[in-house]
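Step one of this worksheet: look at the structure below.
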Amino acid sequence: MPELPPDLLGTLRGAGRVVALTGSGISAESGVPTFREAQTGLWERFDPLELATPEAFARDPRLVWDWYEWRRGLVERAEPNPGHLALAQLERRLPAFTLITQNVDGLHQKAGSEYVTELHGNILRSRCSLEATVVEDYAPGEAPPPCPNCGAPLRPDVVWFGEALPTEVSRVASEAAGACDLFLSVGTSSLVYPAAALPFEALENGARLVEINPNETPLTPYATHVVRGEAGKILPALVGAAFV
Ligand code: OAD
């Protein structure tokens with residue numbers, strides 16, 4: 001049983017509007033690699049931060065598509081872990097809860113979370129790199145496959161570095177963060193903006209901030225409570241202790 005800050009349970013029980021922002025750390029225990037920690041296996045020679053860009057796709061579409069295919073395979077085989085399940089439980093327990101994720105793996109939905117604001121898209125969808133329309137069916141073979149409508153290469157329906165977030169998604173996330181009284185930052189390095197600005201929007205509204213992460217981040221000094229450890233252990237303990 002991980003040790004929880006003594007007044008954290010009361011903070012969670014007493015909170016009105018709660019926002020949780022997750023990053024790739026929450027899926028690490030499901031076997032999906034994070035972005036900034038060492039990669040293993042086939043792709044260890046590549047820096048994910050250099051593959052997840054429009055420039056990389058323009059330079060070498062096959063390399064980028066193949067890397068996403070590999071991640072897609074991992075994600076399809078992955079199961080949600082107790083951290084994802086605890087957040088799904090929190091959604092059912094709390095009257096006003098918003099789950100915002102930077103992850104593109106769909107594991108929150110697989111865990112039963114009904115409303116998930118996906119800031120960076122979803123790796124399980126593809127879209128035309130020219131027309132931006134989501135394409136469900138395409139012939140396998142070429143990498144990347146051509147758009148069945150216009151022939152332009154398909155790309156994963158995710159947000160890459162240097163690209164803007166979808167407007168509506170961004171608005172929903174900002175509004176929820178700016179109106180909450182408790183903000184949980186879970187498994188994110190808090191380095192990538194605009195996602196990393198969300199906890200500050202919450203703080204400006206007087207919200208309390210909880211960081212759940214085995215490591216220190218730039219957000220740590222602003223946190224009301226810091227819980228060092230793995231999300232898959234901390235979150236179930238927290239939700240269980242607060243509500244059971
Ligand atoms: P990072 O790889 O930057 O950070 C992962 C964080 O998870 C680190 O702070 C780890 O300490 C933490 N962590 C690792 N294992 C954990 C565990 N079991 N429980 C809790 N935390 C754990 O990933 P993100 O913060 O998600 O964007 O990165 C943000 C964005 O940068 C991604 O969405 C992606 C990436 O480039 C785009 O592709 C646009």
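In listed order, ligands and their atoms are each counted from 1. Fair warning: this is a prediction, and the values are worked out from it, not measured in the lab. Count residues from 1 along the sequence.
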Salt bridge check, [Y] against [X]: does any charged N sit closer than 4.0 Å to a carboxylate O?
| X | Y | answer |
| --- | --- | --- |
| Arg72 | Glu76 | no |
| Glu142 | Arg62 | no |
| Glu175 | Arg17 | no |

Quick one: which ligand 1 atoms are inside 4.0 Å of a heavy atom on [X]?
| X | result |
| --- | --- |
| Phe161 | 36 (O) |
| Leu49 | 36 (O) |
| Ser24 | 1 (P), 2 (O), 5 (C), 23 (O), 24 (P), 26 (O) |
| Gly23 | 26 (O) |
| Glu230 | 17 (C), 18 (N), 19 (N) |

Within the structure, does [X] bring an N/O atom to less than 3.5 angstrom of an N/O atom in ligand 1?
| X | value |
| --- | --- |
| Glu29 | yes |
| Val192 | no |
| Trp160 | no |
| Asn213 | yes |
| Phe35 | yes |
| Ile212 | no |

query = Looking only at side chains, do Ser174 and Glu201 share a donor and an acceptor under 3.5 Å apart?
reply = yes

key: Polar side chain donor-acceptor pair, Ser27 to His84, under 3.5 angstrom   = yes

note = Nearest heavy-atom contact between Pro82 and Gly232 is CB-O, 3.4 Å

I need the nearest protein heavy-atom contact for [atom]: residue, atom name and distance, please.
| atom | answer |
| --- | --- |
| atom 14 (C) of ligand 1 | Glu37 OE1, 3.5 Å |
| atom 25 (O) of ligand 1 | Thr188 OG1, 2.7 Å |
| atom 19 (N) of ligand 1 | Ala231 N, 2.9 Å |
| atom 13 (N) of ligand 1 | Gly25 CA, 3.6 Å |
| atom 6 (C) of ligand 1 | Gly187 O, 3.5 Å |
| atom 28 (O) of ligand 1 | Arg36 NH1, 3.3 Å |

key: Name of the residue among His108, Gln102, Gln109 meeting side-chain hydrogen bond (donor to acceptor under 3.5 Å, both in side chains) with Glu118   = Gln109

Can you tell which of [options] gets a heavy atom nearest to [atom]?
| atom | options | value |
| --- | --- | --- |
| atom 29 (C) of ligand 1 | Gln102, His120, Glu211 | Gln102 |
| atom 15 (N) of ligand 1 | Ala28, Ser189, Ser190 | Ala28 |
| atom 38 (O) of ligand 1 | Val158, Val159, Leu21 | Val159 |

task = Please confirm whether Phe97 and Tyr115 have ring centers closer than 6.0 angstrom.
result = no

query = For the residue pair Trp67 and Phe46, is the inter-centroid distance of their aromatic rings smaller than 6.0 Å?
reply = no

request  = Could you tell me whether ligand 1 has any atom less than 4.0 Å away from a heavy atom of Pro214?
outcome  = yes

task = Take atom OH of Tyr138 as the centre, draw a 6.0 Å sphere, and report whether it contains more than 12 heavy atoms from other residues, nucleotides or ligands.
result = yes

key: Expected output: side-chain Thr224 to main-chain Leu209 donor-acceptor under 3.5 Å   = yes

message = Is it the case that the side chain of Asn205 and the backbone of Ala207 share a donor-acceptor pair, with hydrogens and angles ignored and the cut-off at 3.5 Å?
response = no

4.5 Å side-chain heavy-atom contact, Pro153 and Ser129 = yes

